Amino acid sequence: MTRLHADIDARVRITLAEHPGWLCGKGCGGCCRALADVPQLTAAEWDLLREGLAGLAPEQLRDIERDIAALAGQQARPLTCPLLDQQSSTCLVYAQRPTACRTYGFYVQRDLGLYCHDLEAHVANGSLADVVWGNQDAIDHRLAGLGESRPLTEWFAAGRLPSDTRSGT
């Protein structure tokens, strides 16, 4: 997981250095408010995410657990990520965020509609015409090598969270 994230982060740094006006950045939250489905995570991504959750305040964890429970039954789309701080439009576990979150806006999988439509508008008007997008299929292939993915809601239902003290741990 560390190598994959390092590769993604390197591409993102290069893109941001070459395009200082890039739309994706702290406080945007656009993609976090427009999820087509519940995010899928591998076990390695869940383990990393749990590390980030362990650093949150108990009230933040309760809010996330409440939002996850609501998300599990939500039929309407788009979805809002339960890890998004609504006030600041930032991810509560940014350093431990899933791979899909790291790649969104920098990697593309057009036939599945996995790309930022706001960025696409900038490309269409010529302001980002020289962007070299990352290949989301290559990322998905690497993730598949890490094992099966499950929806975030299932990981929460099955995994022990830092605030879960029912067994005395």
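Please read all numbers here as calculations on a predicted model, not as lab measurements.
Atom-to-atom distance recorded for Arg150:CZ and Glu45:CD is 13.0 Å, nearest 0.5 angstrom. Here OG1 of Thr153 is found 11.5 Å from CD of Gln74. Values are rounded to the nearest 0.5 Å.
Here the side chains of Arg13 and Asp9 are in contact, with some heavy-atom distance below 4.5 Å.
Remark: the backbone N or O of Ala36 is paired with a side-chain donor or acceptor of Arg77 at under 3.5 angstrom. Within the 3.5 Å criterion, the main-chain N or O of Leu41 finds no donor-acceptor partner in the side chain of Trp46. When atom types are taken as modelled, the side chain of Gln60 and the backbone of Ala57 share a donor-acceptor pair closer than 3.5 angstrom. In terms of modelled atom types and a separation under 3.5 Å, the side chain of Arg97 and the main chain of Cys91 share no donor-acceptor contact.
Annotation: Glu59, atom CD; neighbour count of heavy atoms from other residues, nucleotides and ligands within 6.0 Å is above 12.
Here the closest heavy-atom approach between residue Ser89 and residue Arg33 is recorded as OG-NH2, 2.9 Å. Contact between Leu49 and Leu152 at its shortest, heavy atoms only, is CD2-CD1, 3.6 Å. Among all heavy-atom pairs drawn from Leu79 and Asp37, the shortest one is CD1-C, 3.5 Å.
Ionic pairing of Arg3 and Asp7 is present here: one or more N-O contacts between side-chain nitrogen and carboxylate oxygen are shorter than 4.0 angstrom.
A continuous path of Ile, Leu, Val, Met, Phe, Trp and Tyr side chains, each step under 4.5 Å between heavy atoms, connects Leu83 with Trp155, placing both in one hydrophobic cluster.
The closest side-chain donor-acceptor pair between Arg11 and Thr103, if any, does not fall under 3.5 angstrom.
Test Val38, Leu71, Leu92 against Pro82 for side-chain contact (heavy atoms from CB on, under 4.5 Å) and you get one pass: Leu71.
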